[in-house]
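Below is one structure, written out as structure tokens; the observations come after it.
In the text below, chain A, chain B and the rest are named by the order of the sequence lines, each starting its count at 1. Side-chain atoms are counted along with the backbone in the values below, which use heavy atoms only and exclude waters and symmetry mates. These numbers come from a predicted model, not from an experiment.
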Number of protein chains: 2
Amino acid sequence: MIGRQEADSIERRSGVSLWRQIADRILQAIATGDFAENAALPPEVALAERYGVNRHTVRSAISALVQEGVLRAEQGRGTFVLSRKRLSYPIGARTRFSTGLQGQTSERHIVLLASSVEPASPRVAEGLGLARGAEVIRLETRGEADGRPVSRAAGWFDARRFAGIDKAMAETGSITASLARFGIDDYLRQSTVLSARHADAADLADLDLQPGAIVLVTVAVNVTPDGQPIQFSESRFPAERVELKLSAL
Amino acid sequence: MIGRQEADSIERRSGVSLWRQIADRILQAIATGDFAENAALPPEVALAERYGVNRHTVRSAISALVQEGVLRAEQGRGTFVLSRKRLSYPIGARTRFSTGLQGQTSERHIVLLASSVEPASPRVAEGLGLARGAEVIRLETRGEADGRPVSRAAGWFDARRFAGIDKAMAETGSITASLARFGIDDYLRQSTVLSARHADAADLADLDLQPGAIVLVTVAVNVTPDGQPIQFSESRFPAERVELKLSAL
DNA sequence: TATAGTTGTCTATATCAATAGACAAATTTA
DNA sequence: TAAATTTGTCTATTGATATAGACAACTATA
């Protein structure tokens with residue numbers, strides 16, 4: 001053993017408060033199974049010692065997680081982990097919202113939040129192979145599973161080719177079904193770029209997150225089987241509720 | 001237009017300080033091209049108004065980014081974006097560290113930070129198809145490109161089959177070359193699960209990050225072409241420096 | 001029914017984060 | 001050169017964050 005210690009400590013003066021860092025750790029410990037579901041968390045004093053902070057700081061972290069519905073505290077008994085397995089969202093060549101989550105949730109659907117027609121930004125134009133400034137339709141959607149928001153996506157389509165896709169989306173609640181109306185029977189994911197950042201105000205509202213949460217961001221281009229780009233999308237997933245499982249692209 | 005405004009605002013009482021949130025936004029704006037490289041940022045007063053905070057708060061964010069080497073401030077002239085395109089790290093069936101970053105950096109290599117022999121944790125055992133508690137070798141490595149840390153990984157190998165792989169790794173500096181010594185000419189990525197969280201103390205030290213940074217986390221299993229698991233790994237990438245580009249798995 | 005263990009509440013204090021305003025210092029532009 | 005623009009520094013004040021200690025309220029158990 002060459003030696004190295006796994007620091008379980010916490011950063012001060014970081015711009016991230018200690019209670020939020022500890023809340024993050026607890027979430028992670030739950031996700032990795034260090035804190036089992038339905039079991040009691042270590043008592044507050046033990047956690048305080050473990051993370052090297054005051055008990056009150058641990059309490060702030062716990063109360064945030066209670067607020068989020070991750071933990072339940074019972075006076076005199078302890079603090080318990082509520083079922084919190086993260087959804088595993090598959091990403092692959094034929095990623096579809098509903099089919100991907102089958103078996104993990106009893107119900108899932110997509111809500112159309114907004115739509116608009118706008119000139120293509122440089123990256124959208126590049127992704128769709130359009131002239132910069134060409135008109136595109138933007139659909140803002142939210143994916144929900146068992147009543148909990150699990151994704152928030154913006155999708156852009158060539159306005160000339162897909163005029164009226166906003167109505168189709170509002171009626172069908174499905175991108176796949178909407179594209180079918182335009183003669184697109186099959187489509188593939190051409191490229192996916194992945195990053196992560198703090199949730200912004202819009203994410204917090206649409207995904208029902210607590211401030212300080214982290215979102216996974218995918219930027220993808222969908223194409224027809226013969227390689228013609230049809231959709232450029234940017235999706236955001238709450239990192240505390242969703243993990244992305246990469247399958248065959 | 002159904003209507004919806006893109007909130008560019010900031011969350012208060014979130015456990016994440018305003019200056020860090022603003023630093024995040026600036027990094028993101030640079031990554032998406034909203035703030036061009038080598039160009040001047042908007043002046044501090046403009047940024048303060050844009051984000052709805054005091055000028056001093058913007059200054060805190062900027063000084064953190066100057067510290068990180070992302071920005072350079074010049075009195076009387078302005079604040080400038082230093083080259084900061086994120087590295088695009090490919091993930092696919094045959095992901096290899098060096099080959100993947102070719103063309104984006106002039107130099108890249110892997111440093112072996114530590115190694116140890118330990119009993120397999122449940123998830124490692126499951127990933128490698130070993131009995132729970134079977135001995136495994138853990139290699140802790142850091143990937144560097146042009147002198148900057150871009151990844152930090154822990155890899156686990158069956159200790160019986162790969163006895164001495166720690167020495168091979170120390171000598172060759174390459175997982176691929178080390179595995180070749182054990183007769184593994186080719187290997188494939190069987191599964192990859194992706195998540196994100198705040199960097200912990202170890203990440204901060206090893207990846208040379210500022211506190212509050214976000215890391216992308218991949219958990220993967222590598223297998224031989226005939227499906228035999230050989231490596232279980234957990235890798236962390238600094239989200240501000242790296243994005244993951246998914247290619248054919 | 002005590003007693004130990006746990007969460008909940010309160011007070012007090014120190015430090016960090018954010019706002020506010022004023023002005024200095026350096027650079028560019030008219 | 002003068003004015004305008006921009007970053008740098010200073011003081012002061014407020015609110016959020018973190019620590020510390022004490023004790024109440026509730027639960028489980030010896």
Side-chain angles (χ1 to χ4, degrees), chain A residues 9-26 35 38-82 198 201 210-212, chain B residues 9-26 35-36 38-82 198 201 210-213:
Chain A
S9 73
I10 288 289
E11 289 299 315
R12 289 161 194 269
R13 297 175 206 77
S14 68
V16 181
S17 63
L18 299 188
W19 65 260
R20 172 140 297 275
Q21 292 183 61
I22 288 164
D24 273 3
R25 297 300 170 82
I26 293 173
F35 294 160
N38 303 318
L41 235 57
E44 292 169 352
V45 279
L47 288 173
E49 187 167 5
R50 173 169 182 163
Y51 295 120
V53 300
N54 191 273
R55 179 184 157 224
H56 294 293
T57 307
V58 168
R59 283 181 58 74
S60 297
I62 288 176
S63 84
L65 295 177
V66 168
Q67 202 69 21
E68 283 180 48
V70 176
L71 300 176
R72 184 185 61 245
E74 294 182 27
Q75 183 168 359
R77 300 216 321 133
T79 302
F80 299 87
V81 179
L82 302 176
H198 282 121
Q210 295 300 109
Chain B
S9 75
I10 289 290
E11 287 302 310
R12 289 161 193 269
R13 301 175 204 78
S14 68
V16 181
S17 63
L18 300 189
W19 63 262
R20 171 136 302 272
Q21 292 184 58
I22 289 165
D24 271 5
R25 297 301 168 83
I26 293 173
F35 294 160
N38 303 317
L41 236 57
E44 292 168 351
V45 278
L47 287 173
E49 186 167 6
R50 173 170 183 162
Y51 296 120
V53 300
N54 191 274
R55 179 183 156 225
H56 295 292
T57 307
V58 168
R59 283 180 60 74
S60 297
I62 288 175
S63 85
L65 296 177
V66 167
Q67 203 69 20
E68 283 180 47
V70 176
L71 300 177
R72 183 184 64 244
E74 294 181 26
Q75 186 169 355
R77 298 218 322 133
T79 303
F80 299 87
V81 179
L82 301 176
H198 282 123
Q210 295 300 109

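Rounded to an integer number of Å, the gap from A:Glu74 CD to D:dT27 P is 9 Å. Rounded to an integer number of Å, the gap from CD of A:Glu44 to P of D:dT19 is 14 Å. Counting to the nearest Å, the P atom of D:dT17 and the CD1 atom of A:Ile22 are 13 Å from each other. As rounded to whole Å, 16 Å separates atom C1' of C:dT7 from atom CG of A:Leu65. Taking atom CG of residue B:Leu71 and atom C1' of nucleotide D:dT6, one finds them 15 Å apart after rounding to whole Å. Atom-to-atom, CD of B:Gln21 to P of C:dC16 comes out at 20 Å; the value is rounded to the nearest Å. Note: CG (A:Leu41) to P (C:dT6) measures 12 Å, nearest angstrom. In this structure, B:Arg59 atom CZ and C:dA17 atom C1' are separated by 16 Å, rounded to whole Å.
Residues A:Ala61 and A:Ala23 share a closest heavy-atom pair of CB-N, 3.7 Å. Considering all non-hydrogen atoms of both residues, A:Ala73 and A:Thr79 come closest at CB-OG1, 3.9 Å. Nearest heavy-atom pair, A:Phe35 versus A:Val81, reported as atom, atom and distance to 0.1 Å: CB-CG2, 4.4 Å.
Taking only side-chain atoms of A:Gln75, from C-beta outward, the nucleotide of C:dT7, C:dA18, C:dT19 with the closest atom is C:dT7. The side chain of B:Arg77 approaches C:dT27 more closely than any other nucleotide in the set C:dT27, C:dT7, D:dT17. Nearest to the side-chain atoms of A:Leu18 among the listed nucleotides C:dG8, D:dA18, C:dA22 stands D:dA18. Comparing C:dA22, D:dT17, C:dA18 against the side chain of B:Arg55 picks out C:dA22 as the nearest.
At a cut-off of 3.5 angstrom, counting only N and O atoms as typed in the model, there is a donor on one side and an acceptor on the other between the side-chain of B:His56 and the base of C:dG21.
Dashed line: the shortest gap from a side-chain N or O of A:Ser17 to OP1 or OP2 of D:dA16 is not under 4.0 Å. For A:Asn54 and D:dA20, the shortest distance from a side-chain N or O to OP1 or OP2 is below 4.0 Å.
The closest donor-acceptor contact from the side chain of B:Gln21 to the backbone of A:His198 lies at 3.5 Å or more, if one exists at all.
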task = Please assess B:Ile62 against B:Leu47 for the test side-chain contact (heavy atoms from CB on, under 4.5 Å), listing each intermediate value before the final yes or no.
result = CA-CA 10 Å; B:Ile62 288 175; B:Leu47 287 173; 4.3 Å; yes
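In this structure, B:Ser60 reaches neither bases nor backbone, as no heavy-atom distance under 4.0 Å exists between it and the strands shown.
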